[in-house]
Amino acid sequence: RLSESVRELQADRDRLREFVADVSHELRTPIAALRMYTELQRAGQVDEETRTEFLDRAAQQIHRLEWLSTNLLDLSRIDAGIYPLDMRDGDLRDPVRAVVEAQSEVAELRGISLGSEVPSTPVEVRFDRERIIQLLTNLVGNGLKFTERGGSVQVDLAMDEDGAHIEVRDNGPGIPPEELPRVFERFYRGTNTGEARASGSGLGLAIVRSIVEMHGGAIDVASVVGEGTVFRIRLPRRPLVDAAAAGTVGAVREEEGS
């Protein structure tokens, strides 16, 4: 037992080292870019047009730092078991429609068709609306980011006796089969180093999986290179959350009402 405990501690230490190294790497790029923009402008070696371009790029890097810090904070709260859920009975069609509407302008600008299909009757389950919006925004955002102009992203919602089923699918480039088992790992962005993948933090899908599991659900992914990718989420009607589970996946506040 002692030997097994030592191995677990060593594994945790190795994961922590890898995590810190990944965070350092992710922070280095935007910080270096901001330093370069600042130094060039302080030296007075840029004209007005170049200065405007620098300011635009600096704003993008600041947004990237904000996004990264928010995701890291979410993950730290999840690990610490203090990621709060505001569980309420509600209609799951509401967050699906809200995300599709919110992302419709981005889809239009990128020339991508974004749509949804939901039942005509309410999909009544118990869920945290803001967290579901967060995970759907991540999945839809990924689909829009990787799908080429003229492609499509679709969000489908269905209900059966076991609970709700959500599918987010696109007809983008797809994910190689050897990478599929790792897509939910922190900081993993695959071997495709294109602009879209390089602009991500590699944290979004890790947070998505955590949110699904905190709802007592499950998520899986299927993909065919050259054809597209589909994420499937299954959520129970009423998650079973006890004190022990809450201590592991987050503090859950149960409230009635919408």
Side-chain angles (χ1 to χ4, degrees), residues 85-177 179-180 183-184 190 196-197 200 204-240 257-258:
L85 289 186
D86 184 7
M87 301 293 285
R88 300 168 183 255
D89 293 325
D91 184 357
L92 200 56
R93 298 179 303 173
D94 171 48
V96 170
R97 288 167 171 163
V99 170
V100 171
E101 181 178 354
Q103 296 291 315
S104 60
E105 183 175 350
V106 175
E108 184 177 356
L109 289 173
R110 296 184 177 179
I112 298 171
S113 172
L114 173 61
S116 64
E117 184 173 339
V118 301
S120 58
T121 56
V123 179
E124 296 288 346
V125 295
R126 196 165 184 79
F127 63 97
D128 182 318
R129 184 180 185 276
E130 294 305 315
R131 300 307 184 198
I132 294 299
I133 285 180
Q134 182 181 5
L135 78 85
L136 287 173
T137 299
N138 275 335
L139 292 177
V140 173
N142 273 356
L144 294 175
K145 182 166 62 174
F146 291 109
T147 300
E148 295 182 357
R149 180 172 292 273
S152 66
V153 176
Q154 178 73 18
V155 184
D156 292 337
L157 173 64
M159 187 75 172
D160 60 24
E161 59 183 11
D162 295 325
H165 300 261
I166 304 173
E167 287 191 358
V168 180
R169 62 178 183 271
D170 62 65
N171 59 358
I175 304 170
E179 295 182 9
L180 285 176
V183 296
F184 295 107
R197 191 174 298 275
L205 291 181
I207 294 174
V208 164
R209 181 176 63 178
S210 294
I211 293 174
V212 171
E213 291 176 348
M214 291 166 68
H215 280 78
I219 183 171
D220 60 50
V221 57
S223 186
V224 177
V225 174
E227 296 184 14
T229 302
V230 55
F231 288 90
R232 301 185 181 93
I233 299 170
R234 298 176 297 282
L235 298 177
R237 290 177 180 269
R238 299 185 68 85
L240 298 176
S258 58

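The basis for the numbers below is simple: all heavy atoms, side chains too, and nothing from hydrogens, waters or symmetry mates.
The line from CD1 of I211 to CD1 of I133 is 11.0 Å long, rounded to the nearest 0.5 Å. Atom CZ of F231 and atom CG of N138 lie 10.0 Å apart (nearest 0.5 Å). In this structure, R234 CZ and E167 CD are separated by 10.0 Å, a value rounded to the nearest 0.5 Å. To the nearest 0.5 Å, atom CZ of residue R209 and atom CD1 of residue I207 are 11.5 Å apart. Atom CG of D170 and atom CD of Q154 lie 11.0 Å apart (nearest 0.5 Å).
Shown here for F127 and D91, the closest heavy-atom pair between the two residues is CZ-O, 3.7 Å. Among all heavy-atom pairs drawn from L85 and R131, the shortest one is CD2-CG, 3.6 Å. For V225 against P177, the heavy-atom pair with the smallest separation is CG2-CD, 4.4 Å. Nearest approach of P173 to F146, heavy atoms of both residues: CD-O, 3.1 Å. A164 and L157 get closest at one heavy-atom pair: CB-CD1, 4.3 Å. Scanning all heavy atoms of the two residues, the minimum distance from I132 to L92 falls at CG2-CD1, 4.1 Å.
D94 and R129 are joined by a salt bridge, as a carboxylate oxygen and a charged side-chain nitrogen come within less than 4.0 angstrom of each other.
A donor-acceptor contact shorter than 3.5 Å links the side chain of H215 to the backbone of D128. Looking only at distances, no side-chain donor or acceptor of S116 sits under 3.5 Å from a matching main-chain atom of D156. With hydrogens and angles disregarded, no donor-acceptor distance shorter than 3.5 Å links the side chain of N171 to the backbone of E227. For R237 (side chain) and E161 (main-chain N/O), a donor-acceptor pair under 3.5 Å exists by modelled atom type. Under the 3.5 Å distance criterion, the side-chain polar atoms of R169 are left unmatched by any main-chain donor or acceptor of R232. In terms of modelled atom types and a separation under 3.5 Å, the side chain of R93 and the main chain of P119 share a donor-acceptor contact.
Proximity of V183 to T229: side-chain heavy atoms (C-beta onward) are nowhere separated by under 4.5 Å. Residues R110 and K145 have side chains in contact (heavy-atom distance under 4.5 Å, counting atoms from C-beta outward). Looking only at side-chain heavy atoms (C-beta outward), L114 and V100 come within less than 4.5 Å of each other. Side-chain contact between L205 and V221 is absent, with no heavy atoms from C-beta onward closer than 4.5 Å. In this structure, V125 and M159 have side chains that are in contact, with non-hydrogen atoms separated by less than 4.5 Å. Counting heavy atoms from C-beta on, the side chains of V168 and L136 come closer than 4.5 Å.
Enclosure of atom CD in E124 by more than 12 non-hydrogen atoms of other residues, nucleotides or ligands within 6.0 angstrom is indicated.
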key: From CA spacing to verdict: side chain to side chain contact (heavy atoms under 4.5 Å, CB included), V123, V96   = CA-CA 11 Å; V123 179; V96 170; over 6 Å; no

task = List the steps, then state whether side chain to side chain contact (heavy atoms under 4.5 Å, CB included) holds for L139 with I166.
result = CA-CA 11 Å; L139 292 177; I166 304 173; over 6 Å; no

key: Stepwise side chain to side chain contact (heavy atoms under 4.5 Å, CB included) check, F184 with I219   = CA-CA 10 Å; F184 295 107; I219 183 171; 3.8 Å; yes

request  = With side chain to side chain contact (heavy atoms under 4.5 Å, CB included) as the test, would you mind laying out the steps for V155 and V140 before giving the verdict?
outcome  = CA-CA 8 Å; V155 184; V140 173; 3.7 Å; yes

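If you check the side chains of S113 and S152, you find no donor sitting under 3.5 Å from an acceptor.
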